[in-house]
Structures are given as C-alpha cells and as structure tokens.
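Step one of this worksheet: look at the structure below.
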Amino acid sequence: MSQSPIVLTGDRPTGPLHLGHYVGSLRQRVTLQEQYRQFVMIADAQALTDNMGDLSKVRRNVIEVALDYLAVGLDPAKSTLFIQSQLTELAELSFYLLNLVTVARLERNPTVKEEIRLRGMERDIPAGFLTYPVSQTADITAFKAALVPVGADQAPMIEQCNELVRRFNNCVGKEILVEAQALIPDHGRLVGADGGAKMSKSLGNALALSADSAAIAAFVRSMYTDPNHLRVSDPGQVEGNVVFTYLDVFDPDKAAVEELKDHYRRGGLGDTVLKRRLTEHLEALITPIRERRAQFAQDPAEVMNILRQGTERAREAAAATMSEVKAALGLSYWN
Ligand code: ATP
Ligand code: MG
C-alpha cells in the first residue's frame, strides 16, 4: 500500500515569526498543504528547554505563532495546527528514544553547540536543551512524517532523527518508525541585519512578519553593507553585503539584481537606492500578511478553538503510533 508522505514541522513560541521562518519553512508549508497531510506544531514544550526562567513569554507567544500561521496562509482545513505540550504521547516517546542516544553524540550536534554558545549556556546546559533533538525526533516520528520542511539550521536534527529511527527499528526488529527527509530551500538560512548569526527570535536580530512600515524601514537601514563603500562613486563589495543577500532572496527580478551587482562593483551605485528597492520588496511581502493577521487577531477565541481541534486530531495520530511503539517494546500488558 503506498500512501502519500506525511509532513510535520513546527516553531518554538519564543516570539513572533520572522522573515527567516518565511523563507526557511513557512512558504513551503503553504504549498505542501495542498498536496499532503500536514501537521504543524507549536513547540511550547521545546521552548521551555531554554525558557524556564520566562514562562510567560512562551505562554504569550503561542497565540502569536498561531496568528502568524493563519496570516501566511496555513489553512486549518488543510493543515493540522496543534500545541506540542498537550500531547503527552510526544513526551512518552522521547523518554524511550533517549535510551538510544549517547551523551557524547548529543554534545556533537553542531546546531545545538552553536545555540548553546549564542545563548551563553556553555557552563550550565539544561539537560532538556541538550536532548531536544531527541524530543524533536519524537515529534516527527510520532506522526510517521517523511517530509520535514525546515531551515538549514535543522539539517543536523534530521540526521540525528534518522539515526534514532534506524536504531529503534533495529532494536525492536520491526519497521515501526519512519525516516524523515528535510526539505531545505535554496535560501535555507537567512542571516540577521548584521550578516553574522542566523535571524533568530532569541537573538533579537529578527524582522517579524507582523512588522509595520517603520520597523521594516529601520531594519533595512541598519543592514550591514560594505564599510569601504564611502562615496557613491566608490567600487563596492557584493559578497557579504547583507542588502544583496536579501535582494537575492526577496527580489523576484534576478536579472535586475545581477545588473545592480555589476553596477555596485563598478562604482556609482549608492546604498540608499538599493535599500529603498529592498524596503519596497519587503513591504510588498509583509503588508498583506500583517493585514490578514490583524483580521484573525480580532477573534482570539476562534484561534484557540482552531488549535484545540487540531490538537485533538494530532493526538489521535500520535496515540496510534505510541500503541505500536509500546507493543514493539514489549510494554503492552493487557491487550
Ligand atoms: P529560537 O531563537 O527561539 O530558536 P528561531 O528563530 O530559531 O527561534 P525556531 O522556532 O527555532 O525559530 O525555528 C522554526 C523553523 O524556522 C525551523 O524550521 C527553522 O529551521 C526555521 N528558521 C528559523 N530561523 C531561520 C532563519 N534565519 N533562516 C531560515 N530558516 C529559519
Ligand atoms: Mg531555533
């Protein structure tokens, strides 16, 4: 029996979703929902792994993320939108999977390493944070998801997920869990305005999908360009110039962008012109999202209702996998 692959992704409710989410994952999800059974998770339990000191932030942002989902065009009739913490099955599955990974392997995960460094947690890593790739594996495998549309930072997670899937299946001698494939788009890692770290909610370098015109303009103004490009007539450097990085992603006219790059390299093209062009593109992208978001925000009870219904549907799917998992582990006693 060949079944259409299942899609799962999620986001941590640690702040409103930003442009990085849009190019890394959200845009793909809107397309995928037309063709596949798609689960989209608000990862509140995972957010707690580095936010136990700020519980209200996580609580408050659940609805913000849900509003962003609806605003970009995730349709609850096509995608199952749910809240992670409400499915105890996911915690249960993590608990078993944790026995199939070593601490040394967890410490080698490059994304987790980088996140620990950026959060200054080197000396005090919460065990839950170090093990979140395992919890993420549980989230994916509980739905038997084969496709995971994520940004480039998540590639090591999917690799670790598949190692665990193979170990689990090998251990129980049955193909119960399903290996997943990351769907990483070309521009799978959008940098922040300074061009250094990836744009991230937790690093304060993000442009929210709900940003107003002033915030969009300020964000573009603050972008790192070429510090040696002092006069308009000076030749400028394109590589590492964040405005060009963004034009490559957000300007649909690729030929025009290439011409602008040549002109910039030759000299005679000012940052202001480029920044104005980029601002216009970002405005055109964000304005309809912001407007739809404002509409949905008028009825928060309805948004929570959508999440409740999605959570119930998701629970059924995860519970079915959990019964198979427990039976395979020899942990089903009365049936
Ligand atoms: P946090 O700082 O709390 O970790 P975040 O901004 O990294 O937040 P997540 O909720 O961890 O966002 O990530 C959700 C999804 O968005 C993942 O698939 C991730 O790969 C993708 N994503 C996040 N930031 C970017 C980015 N800058 N570029 C591309 N994709 C991104
Ligand atoms: Mg993240």
Side-chain angles (χ1 to χ4, degrees), residues 7-30 32 38-55 57-62 64-66 68-69 72 74 81 83-84 109-121 126 128-130 132-133 135-137 139-140 145 147-161 180-211 219 223 242 245-246 248-250 282:
V7 181
L8 177 126
T9 44
D11 307 272
R12 296 154 35 100
T14 47
L17 298 185
H18 53 66
L19 280 180
H21 296 112
Y22 187 77
V23 294
S25 178
L26 289 174
R27 192 162 48 174
Q28 292 204 73
R29 298 182 205 173
V30 175
L32 290 166
Q38 174 166 262
F39 294 91
V40 181
M41 177 181 82
I42 302 184
D44 58 343
Q46 190 192 113
L48 292 185
T49 60
D50 57 334
N51 285 287
M52 287 302 276
D54 199 353
L55 297 173
K57 175 168 93 179
V58 174
R59 178 69 181 88
R60 186 172 72 241
N61 277 301
V62 168
E64 299 301 326
V65 170
D68 288 326
Y69 285 166
V72 297
L74 286 176
L81 312 179
I83 305 181
Q84 182 189 27
N109 184 307
T111 299
V112 176
K113 257 191 188 161
E114 165 84 348
E115 288 173 338
I116 287 170
R117 190 179 64 75
L118 290 170
R119 288 164 172 74
M121 299 196 302
F129 192 82
L130 190 67
Y132 91 71
S135 131
Q136 220 163 288
T137 301
D139 303 333
I140 296 168
L147 299 177
V148 187
V150 281
D153 61 306
Q154 292 297 309
M157 305 303 165
I158 307 301
E159 206 179 297
Q160 220 174 338
C161 166
Q181 184 197 339
L183 298 178
I184 300 173
D186 286 347
H187 300 285
R189 180 185 183 275
L190 191 68
V191 292
D194 63 0
K198 94 172 173 92
M199 179 177 283
S200 151
K201 294 182 231 101
S202 303
L203 299 179
N205 63 356
L207 183 65
L209 289 170
S210 47
F219 179 79
M223 272 185 179
V242 184
T245 308
Y246 272 62
D248 278 337
V249 181
F250 295 104
L282 293 181

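As the structure lists them, so they are numbered: ligands from 1, and atoms in each ligand from 1.
Within the 4.5 Å cutoff, the side chain of Phe250 has heavy atoms near those of the Leu190 side chain. Annotation: side chain of Lys201 is not in contact with side chain of Asn61 (no heavy-atom distance under 4.5 Å). By the 4.5 Å heavy-atom criterion applied to side chains, Asp139 and Phe39 are not counted as neighbours.
The neighbour count for Met121 CE, taken as heavy atoms of other residues, nucleotides or ligands under 6.0 Å away, is above 12.
From Leu130, atom CG reaches atom CD of Glu115 across 11.5 Å, with rounding to the nearest 0.5 Å. Here the CE-CG distance, from Met199 to Leu19, works out to 5.0 Å after rounding to the nearest 0.5 Å.
Around ligand 1 you find Gly10, Asp11, Arg12, Thr14, His18, Gly20, His21, Gly24, Arg119, Val150, Gly151, Asp153, Gln154, Gly188, Arg189, Leu190, Lys198, Met199, Ser200, Lys201, Ser202, each with a heavy-atom distance below 4.0 Å.
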